[in-house]
Amino acid sequence: MASYGSGPKQLECLCSKGKTMKVVWLLLSLILSLVVYPNAANSNISSRPATVNFGAVITFDSKVGRAAKIAIEEAVMDVNSNSSILGGTKLAVKMVDSNASGFIGLIEALQFMKMETVAFIGPHTTELARLMSPIADELQVPLLSYGATDASLSSIQFPFLVRTTQSDLYLMTAISEMIFYYGWKEVIAIYVDDDLGRNGIAALSDKLAERRCRIIFKEGLPPVSNLSHAVITNVLVKVTQSESRVIVLHANPTVGLKILSEARHLEMMGSGFVWIATEWLSFYFDSSPSPLPQTTMDTMQGVLTLRQHTPDSQRKRDFFCRWRKLTGGTIGLNTYGLYAYDTVFLVAHAVKAYLDQGGTISFSNFSRKQSAKGSSMHLDAIKMFDGGKQLLTNILQTRFIGLTGPIEFNAERSLIYPSYDIINVAGTGFRRIGYWSNYSGLSVVTPEMLYSKPPNRSSENQRLYSVIWPGDPTVKPRGWVFQNNGKELRIGVPNRVSFREFVTQVKGTDIVKGFCIDVFTAALDLLPYGVPHKFIPYGDGLKNPSYNELVSLITADKFDAVVGEFAIMTNRTKIAEFTQPFAESGLVVVAPYKKLSSDGWAFLRPFSPRMWAVIAAFSLFLGIVMWTLEHRINDEFRGPPRKQLITIFCFSFSSLFSAHKENTISTLGRFVLLIWLFVVLIINSSYTASLSSILTVQKLYSSVTGIESLLESGDPIGCSVGSYAESYLHGVLKIPKSRLVALGSPEEYVSALLKGPKKGGVAAVVHERPYMDLFLSRFCNFKIVGQEFTKNGWGFAFRRGSTLAEDVSTALLTLSENGDLQRIREKWLRRSDCSVESELESNRLHFRSFWGLFLTCGIAFLVALLIYFSQIIWKFRKYYPNEFDSTFQGSSQSRRLRMFLSFVNEKEPKKKRRRCKRRQTENSVNIEEAHEPPEKIQEKRN
């Protein structure tokens with residue numbers, strides 16, 4: 001067991017040795033003041049009194065009173081036997097019996113006012129605590145209650161009231177967290193119709209609301225004296241007619257046991273029911289001799305209850321042994337007895353601190369006695385404690401370790417570390433399934449062990465042991481049943497005129513069908529109970545109805561639920577309970593587009609003109625750099641200026657394809673070339689990838705690129721009437737309604753998009769993705785531009801807090817997991833992909849994409865050939881001028897052609913050798929030609 005820290009401080013032993021003469025003088029002074037000055041304010045002063053009195057108001061014949069009486073007596077004895085607490089001063093207690101009556105208890109309490117009483121302990125009932133608190137406030141006497149748990153008792157209203165037990169506010173917080181932990185949303189509350197019961201249930205309602213749970217039915221029962229069998233039966237019958245099966249029973253043991261007994265008779269303690277009893281049941285177990293009769297145990301099998309947690313300690317175990325010896329086992333020790341014991345020690349420690357501070361135990365007559373002169377009640381005898389305020393402060397500042405754990409008050413004047421044991425009744429007894437603490441919530445670890453760690457209230461950290469529920473099942477009850485009471489569930493559905501695949505009414509009938517209807521009915525078929533229902537179409541059939549209006553009709557009690565493609569929106573969840581989404585959705589922009597086909601100059605498109613210019617410039621720059629680095633040591637970069645310029649030019653551009661033939665010799669030249677070839681590799685790869693994309697991927701162009709460009713354009717925007725898109729564009733994006741054009745059908749979408757904004761149409765249509773997917777499967781001249789700019793889903797809406805919504809959500813998840821949801825989607829929303837043929841066609845490469853490339857290549861070829869033949873003809877005329885001499889008789893066209901072809905075919909020698917050969921030929925040709933035939937002359941030339 002983890003310790004709370006160090007033990008209580010050892011108090012100084014202050015021995016009071018009152019002088020005999022001083023005491024006698026004080027007694028004489030008191031007598032004189034009473035006789036001579038009966039109306040004067042008098043005082044009885046002692047610096048260290050021998051006895052300090054306090055009073056206790058107890059109901060002796062109640063289980064709380066019997067335990068509290070013994071505990072208080074034992075505590076007084078323990079205080080007086082421990083000289084370290086009050087030294088020589090003794091505590092004296094005066095107990096009075098309230099007889100379970102607020103009036104009698106008040107009269108008895110007034111008797112304390114005639115005594116020199118520094119504090120009151122008790123009562124344990126809220127009713128009497130409320131009556132005594134004003135008296136304690138007037139007389140400035142602290143009132144310490146070990147049993148008044150009413151959450152409405154406020155220190156602001158009753159400043160001298162100190163609660164030395166836990167407030168019902170924490171009890172109801174624990175119950176609400178248990179309900180939330182088990183996933184229940186609605187509960188039933190049965191309570192005794194008094195202040196304690198009403199205020200407790202009010203606190204429970206507030207705590208449940210914080211967790212989005214609620215009390216759907218509550219019924220107050222009259223006190224025990226007026227409680228009959230018929231009244232209990234009538235209340236329980238009402239409970240069975242409610243949907244919830246989680247019942248919180250806030251009563252006293254007498255009433256609570258009667259209700260559980262009757263519930264068992266009505267078969268309400270069986271499977272499916274959940275009973276949570278407040279502290280009264282654990283108090284009954286602790287106070288009654290064990291074992292309890294089996295007939296009594298049978299009435300409460302499976303019930304959950306709570307008990308104020310008191311840490312285990314050796315001192316506590318010793319006191320329990322001592323208690324059994326005192327009572328012989330006839331009176332059980334409950335938590336109220338433990339708190340009563342600690343309350344006495346709290347008073348003792350506070351009085352000790354008061355005396356150590358120099359305080360005196362002095363009293364004055366009631367200051368308002370003049371208003372009661374002549375009264376037979378003798379109010380002028382009532383004494384007011386002069387040090388009441390200081391003693392109250394000391395009480396709130398006292399810290400010590402008691403039987404119930406650490407006794408210390410927080411700023412709200414509540415005990416620190418409120419915690420409860422959570423108990424499950426099973427078999428012949430009960431077992432603890434966990435704890436609740438205001439520090440860390442639900443846990444199977446004792447709260448003391450958690451106080452040394454950082455608080456962790458995450459859902460993963462909340463845990464309880466398994467429970468044996470009513471009827472002995474180990475499976476957690478669902479907590480509710482569907483109560484049709486002969487009534488059908490009224491389900492509103494939109495009567496759509498467009499996109500009828502989702503939901504619509506068959507004309508001339510009451511039948512509704514569509515994707516959403518099939519999903520809903522399939523989900524209902526998976527529920528373990530039947531749900532009679534009736535679909536009620538909403539709308540005039542001429543235009544699509546407003547979906548916001550449909551959801552609002554649930555709160556107007558026209559529908560119990562609405563089924564359709566309802567987007568789950570924040571404003572809608574405030575008025576209705578939505579299921580899990582059964583379809584994903586989001587707003588998209590649809591606009592017309594144009595196809596951009598690749599043209600003959602597509603091979604230039606991978607790079608921009610600037611990029612082409614940079615590549616050309618760097619290529620020439622490379623040639624210049626390489627010539628500079630190589631021309632002095634490399635013969636391939638030397639020669640006439642013309643040759644060197646050609647070398648620079650050729651090297652520059654051939655290096656783009658790694659086709660240069662010039663060798664590099666210098667180290668710097670090789671380094672520069674290596675870097676350039678790496679750059680060329682990246683450029684070629686990028687060019688190839690970009691060109692492939694341009695030639696194989698179909699390009700679509702639209703003037704609208706997404707929601708951003710649409711907002712900036714100021715053009716009209718199409719949307720469906722009363723749709724989520726319309727409310728989002730106007731409410732969230734703040735687009736004026738003058739820009740929003742209401743469109744009711746896909747045909748209207750097409751017409752408005754084709755017209756365009758300049759001809760009275762729209763620039764784009766904004767709608768939810770499922771609608772637009774269906775639209776684009778029929779009309780292929782449009783496309784979705786940009787990304788979805790919202791993400792949401794479609795769900796079915798029920799009443800707020802409806803438990804049917806949770807079961808339908810579970811069924812929808814099952815449909816999704818087993819594939820039925822996808823099959824329903826394919827049945828209704830099958831898309832005809834109109835883009836397959838165009839995509840296949842765009843993947844084929846046509847001549848139209850390359851004609852510019854071939855044209856460029858052809859022109860280059862022709863230009864090269866033209867230059868080449870021009871040079872050949874020029875050289876032929878230069879080398880054979882006689883063939884073009886008109887005076888030479890031997891020349892003929894055929895001979896000239898043969899000589900030209902032969903000239904073209906021969907390898908061109910070096911210039912010097914060709915000049916010599918030409919001179920020799922010219923000198924001998926005239927002689928030989930005169931005597932030899934032309935064939936021989938040609939043979940010689942060859």
Taking all non-hydrogen atoms of both residues into account, name the closest pair between Ile568 and Thr579 and its distance. CD1-O, 3.7 Å

Taking NZ, NE, NH1 and NH2 as the nitrogens, is one of them in Glu177 or Arg211 under 4.0 Å from a carboxylate oxygen of the other? yes

Are Asp518 and Lys827 side-chain neighbours, meaning at least one heavy-atom pair lies under 4.5 Å? yes

Restricting to non-hydrogen atoms, name the atom on Trp275 and the atom on Ala263 that form the minimum distance, rounded to 0.1 Å. CZ2-CB, 3.5 Å

Validation row: Tyr191, Leu221 side chains within 4.5 angstrom (heavy atoms): no

Kindly indicate whether the side chain of Glu788, heavy atoms from C-beta on, has any atom under 4.5 Å from the side chain of Leu587. no

Crowding at CD, Glu826 (>12 non-hydrogen neighbours, <6.0 Å): yes

Do Glu186 and Arg245 sit within salt-bridge range, that is, some charged N less than 4.0 Å from a carboxylate O? no

Check: Val274 and Trp469 side chains under 4.5 Å, non-hydrogen atoms: yes

For Glu565, the option from Tyr724, Tyr771, Trp794 that meets side chain to side chain donor-acceptor pair (under 3.5 Å): Tyr771

Pair Lys185 + Glu243: basic N to acidic O under 4.0 Å: no

Among Val551, Ile491, Ile536, side chain to side chain contact (heavy atoms under 4.5 Å, CB included) partner for Phe559: Ile536

Side chains of Val497 and Leu542: does their closest heavy-atom pair fall under 4.5 Å? no

Side chains of Asp807 and Tyr529: donor-acceptor distance under 3.5 Å anywhere? yes

Examine distances only and state if a side-chain atom of Ser242 and a backbone atom of Val239 form a donor-acceptor pair shorter than 3.5 Å. no

For residues Leu306 and Ala174, report the shortest heavy-atom separation together with the two atoms involved. CD2-CB, 3.7 Å

Less than 3.5 Å apart, any donor N or O on the side chain of Asn548 or Ser546 sitting next to an acceptor on the other? no

Do Asn544 and Ser498 meet the criterion of a side-chain donor-acceptor pair at a distance under 3.5 Å? yes

Quick one: does Leu804's side chain get under 4.5 Å of Trp480's, heavy atoms only? yes

Between Glu577 and Arg799, is the closest basic N to carboxylate O distance under 4.0 Å? no

Locate the shortest heavy-atom distance separating Leu249 from Gly256; write the atom from each residue and the value. CD2-O, 3.9 Å

Compare all side-chain heavy atoms of Pro592 with those of Asn781 and state whether any distance is below 4.5 angstrom. no

Using side-chain heavy atoms (C-beta onward) and a distance below 4.5 Å, is Phe796 in contact with Phe566? no

Within 6.0 angstrom of Asp510 CG, more than 12 heavy atoms from elsewhere: no

Residue pair Glu501 / Leu829: nearest heavy atoms and the distance that separates them: CB-CD2, 4.0 Å

Using a distance-only test with no angle check, is there a side-chain donor-acceptor pair under 3.5 angstrom linking Ser720 and Glu726? no

To the nearest 0.5 Å, how far apart are CE in Met772 and OG in Ser777? 10.5 Å

Please find the pair of heavy atoms, one from Cys213 and one from Trp184, that lie closest to each other, and give the distance. SG-O, 3.4 Å

Determine, for Lys218 against Asp193, whether the closest basic-nitrogen to carboxylate-oxygen distance falls under 4.0 angstrom. no

Would one find more than 12 heavy atoms of other residues, nucleotides or ligands at under 6.0 Å from atom CZ of Arg457? yes

If you measure from the Lys or Arg side-chain nitrogens to the Asp or Glu carboxylate oxygens, is any gap between Glu210 and Lys207 under 4.0 Å? yes

Donor-acceptor under 3.5 Å (Ser709 side chain, Val704 main chain): no

Say whether, by atom type as modelled, one donor and one acceptor occur between the side chain of Glu262 and the main chain of Lys258 under 3.5 angstrom. no

Backbone N or O of Ile468 within a donor-acceptor pair of the Asn424 side chain at under 3.5 Å? yes

With rounding to the nearest 0.5 angstrom, report the OG to CZ distance, Ser802 to Phe578. 12.5 Å

Residue from Leu236, Asn234, Val231, Val235 passing side chain to side chain contact (heavy atoms under 4.5 Å, CB included) with Glu219: Val235

Is the number of heavy atoms from other residues, nucleotides or ligands within 6.0 Å of CD (Glu584) greater than 12? no

OH of Tyr181 to OG of Ser176: how many Å apart, nearest 0.5 Å? 15.0 Å

Going by an N to O cut-off under 4.0 Å, is there a salt bridge joining Asp194 and Arg198? no

